[in-house]
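What follows is a short report on a single structure.
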4 protein chains.
Amino acid sequence: MDGRTRRREDTRQRLFEAAVELIAEQGFSATTVDDIALRAKVAKGTVYYNFASKTALFEELLRHGIGLLTEDFRAAVKGLPPRDAVAALIRAQLEYIRRYRSFAQLLLSEMWRTNREWQQTLVLLREEAIGTIAETVRAGVDSGDLPADLDVRVAASALFGVGLVVAVDWLVFQPDRPIEDVERSLLGLVRRVA
Amino acid sequence: MDGRTRRREDTRQRLFEAAVELIAEQGFSATTVDDIALRAKVAKGTVYYNFASKTALFEELLRHGIGLLTEDFRAAVKGLPPRDAVAALIRAQLEYIRRYRSFAQLLLSEMWRTNREWQQTLVLLREEAIGTIAETVRAGVDSGDLPADLDVRVAASALFGVGLVVAVDWLVFQPDRPIEDVERSLLGLVRRVA
Amino acid sequence: MDGRTRRREDTRQRLFEAAVELIAEQGFSATTVDDIALRAKVAKGTVYYNFASKTALFEELLRHGIGLLTEDFRAAVKGLPPRDAVAALIRAQLEYIRRYRSFAQLLLSEMWRTNREWQQTLVLLREEAIGTIAETVRAGVDSGDLPADLDVRVAASALFGVGLVVAVDWLVFQPDRPIEDVERSLLGLVRRVA
Amino acid sequence: MDGRTRRREDTRQRLFEAAVELIAEQGFSATTVDDIALRAKVAKGTVYYNFASKTALFEELLRHGIGLLTEDFRAAVKGLPPRDAVAALIRAQLEYIRRYRSFAQLLLSEMWRTNREWQQTLVLLREEAIGTIAETVRAGVDSGDLPADLDVRVAASALFGVGLVVAVDWLVFQPDRPIEDVERSLLGLVRRVA
DNA sequence: CATGAATGAGGTTTCATTCAT
DNA sequence: AATGAATGAAACCTCATTCAT
């Protein structure tokens, strides 16, 4: 990676961070390219030098963010027996949300909308993340650790949604509460599944 | 109520309905006043004759919608013993979300944002709705029906959030699944509380 | 004049007064029909019941106001010898401006504009008022009381303009100064003519 | 000043010129941003790229225009004895009004309004311009060239107002009359002061 | 690789006018 | 004789995008 490429990567990273924070706070439409450039401390033209459009920036952002989450999920369950694996997923999700708080907030706001440009992208990415959870749940059902009548996909999306909303609620409205607390509540909540 | 007042009320109602659907689908900023007027079948000027601004329309919408929800909560728990009361709240929330699907979707998208104009309004309204749940939970703790170490406000906001996300997920991604199913899942999920 | 007619006249008078004040303060374009109705304490529709349009209301206003001024001018000079007549005109103008302060302010703001709808009306009305002054000045020149080389129309419009600007400046910026003072200054100023 | 800055300055200057002419003819409210952009031969967005709002453009215009006038006043009286100084001020004002006819017309229309957004700005700027005249008049009183009982501020604002109204009346209604003529009339009018 | 002035389509808002009551 | 809800043209303003530097 030469000097130019490094500089460029750095600029792109700064733009991602600026965009994710602003969109989490205000939403995609309410966030302007001017805002993003200002917070990233670059000129407006630089945004367009690095991304084809505001929407493209956002889509790359989504892909990037959910990619990281999926990786974390994969890493968390590797080699664990089913029951432990579900608990590990919850811990991983919480860790992730704490680390990328803005991205989580943004997901919570965008994930259940309909009729948006990037809807299709989002559904696909959702499948990817929830799919990882579903695999783990299915393994649990197959091994008899989880009830045989459990609807795997339903359970997986419920797990994902509940984790997201409880964790974001925690970060937004009760940021002083220790994460272990939240983890305990969540594990308690999903006992039937986990 | 004379003819004029009735006509005006009717117009406002139509505007509420149009706005709630569009904002649920696309978000506040992406929804234009033109869209709203078109769907409500009134002229654009009529929106401004009835509401001071797009934001004011939205704030009144929030107040109206959450007001209804709070009323439903109050009616649902009236006279019930604690354990039944929590289950009744969940049923009421589901009923409400099914009936006002768009409003619920909109709440899910806006409730955990920060830095929006109506943020303050929303926090207050949230307090109102969650406060109603909290009263019921507290009664359960006091009567010994619920664990003594339960953090009442935390439990209340978790209940609210979980119900919202599970129900909206159901309506958006698995609309064919019967509501009883969803209710059973939810009651299962929150067994520790309910 | 029956009851209905009286009521109607009263409404029109109230609308004139409201309009003149608002237009003096803010100008014609910046004054809305809503403003006028509000200050006159009638409904908006009533403005249109009494006047064909906002512009028509304003034109009638101009005609009415300048008509009164011209009458005052005529009455003031009646039977006076030239030198006294000019002084009487100045006094009459000051009296008028004090009495109809808003109308004077409005005239000062509109009289030297170009390119407005009512421009033609205004030029005509201006001719009428300045014409009265001109007659008096001409009589003074003819009788030898005023210099023979005086350009009558120029002197007349200068007299009118100077009176207007000095008197309005007085009312707006030094309302506590007694009118006799202003009159003395004005007579001093225009000594060469008067 | 680099190329970009120059281009921007040029655009701002063109906008000032377009705005001043249109507002002089029609008034602030009746002049649209579209008109201004059209006359300045830029896109509408460019107006907003260079000025925060239509009002802000107008306020900067006022500041700019009255700044120039005040400079001219200062330059005109420099080093002159009191009597000559007052005559020089009148000449300077006439020169200025002839050169910036539209701005003068605009001032005449706006200066004696009340209740407009930029009222406060205008009062301050008026103070600045009239203050310069007042200094000269005071010097004349102190040196005994002007009557000891003259109210300095009153005389200064009368001088300013009279000059403005006579000169604008000249430009609007008798543009063919030579300026020397007007200057002579004005000096005649204000003989008591000058 | 980056910049920032300029653009114009499209958004929000205002307001003179109409009309059913 | 008066009202006020509704209208839509036209105003102000925003903002994603382009492009010359």
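So that the names make sense, note that chain A is the first sequence line, chain B the second, and so on, each numbered from 1.
- Mapping R7(D) and A30(C) onto DNA chain E by nearest heavy atom places R7(D) closer to the 5' end of the strand.
- If you measure from atom CZ of R6(B) to atom P of dT21(E), you get 13 Å, rounded to the nearest angstrom.
- One interatomic measurement links the two molecules: CD of E9(D) to C1' of dA6(E), which rounds to 15 Å at whole-angstrom precision.
- The phosphate of dA5(F) has OP1 or OP2 within less than 4.0 Å of a side-chain N or O from R8(B).
- There is a side-chain donor-acceptor pair under 3.5 Å between T55(B) and E117(B).
- In this structure, CG of D2(D) is placed 11 Å from C1' of dA5(E), rounded to the nearest angstrom.
- Proximity note for S53(A) (side chain, C-beta onward) versus dT17(F), dC13(F), dT12(E): the nearest is dT17(F).
- F28(A) and W118(A) have perpendicular rings, their planes meeting at more than 60° on a 0 to 90° scale where under 30° would count as parallel.
- In this structure, I23(B) places its CD1 atom 15 Å from C1' of dG11(E), rounding to the nearest Å.
- In this structure, the CG atom of L57(A) is 11 Å from the P atom of dT17(F), given to the nearest Å.
- The side chain of T46(C) places an N or O atom within less than 4.0 Å of a non-bridging phosphate oxygen (OP1 or OP2) of dT3(F).
- Contact annotation: Y49(B) does not reach the phosphate of dA6(F) (side-chain N/O to OP1 or OP2, under 4.0 Å).
- Of the N and O atoms on the side chains of Q26(C) and T31(C), at least one donor lies less than 3.5 Å from an acceptor on the other residue.
- Residue order along DNA chain F, read from the 5' end via each residue's closest nucleotide, puts V47(C) first among V47(C) and V47(B).
- When each of E59(B), E60(B), R116(B) is paired with T121(B), the side-chain hydrogen bond (donor to acceptor under 3.5 Å, both in side chains) condition holds for E59(B) and for no other.
- Take the nearest nucleotide of DNA chain F for A43(C) and for V33(D): the residue whose nucleotide is more 5' is A43(C).
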E25(A)/T114(B) under side-chain hydrogen bond (donor to acceptor under 3.5 Å, both in side chains): CA gap, chis, key distance, verdict:
CA-CA 5 Å; E25(A) 290 168 10; T114(B) 41; 5.3 Å; no
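- One can find a donor-acceptor pair under 3.5 Å joining the base of dT17(F) and the side-chain atoms of K44(A).
- At the phosphate of dT14(E), neither OP1 nor OP2 sits under 4.0 Å from any side-chain N or O atom of Y48(B).
- The residue G45(A) sits close to a base: some heavy atom pair falls under 4.0 Å.
- Base pairing of dA11(F): its partner is dT12(E), meeting the Watson-Crick or G-U wobble criterion (both donor-acceptor distances under 3.5 Å).
- Counting any heavy atom pair closer than 4.0 Å across all strands shown, T31(B) reaches sugar-phosphate atoms only and no base atom.
- You'll find that the side chain of N50(B) is closest to dA6(F), out of dC13(F), dA6(F), dC15(F).
- Looking at E9(D) and Q13(D), their side chains never bring a donor and an acceptor atom within 3.5 Å of each other.
- Counting to the nearest Å, the P atom of dT12(E) and the CZ atom of F51(B) are 15 Å from each other.
- Between D34(B) atom CG and dA9(F) atom C1' the separation is 12 Å, expressed in whole Å.
- Regarding D10(C), its CG atom lies at a distance of 13 Å from the C1' atom of dA2(F), rounded to whole Å.
- Here dA20(F) sits opposite dT3(E) as a Watson-Crick or G-U wobble pair (both hydrogen-bonding atom distances under 3.5 Å).
- Within the 4.0 Å cut-off from OP1 or OP2 of dC1(E), not a single side-chain nitrogen or oxygen of T11(A) is found.
- The side chain of R4(B) contributes no N or O atom lying less than 4.0 Å from OP1 or OP2 of dA20(E).
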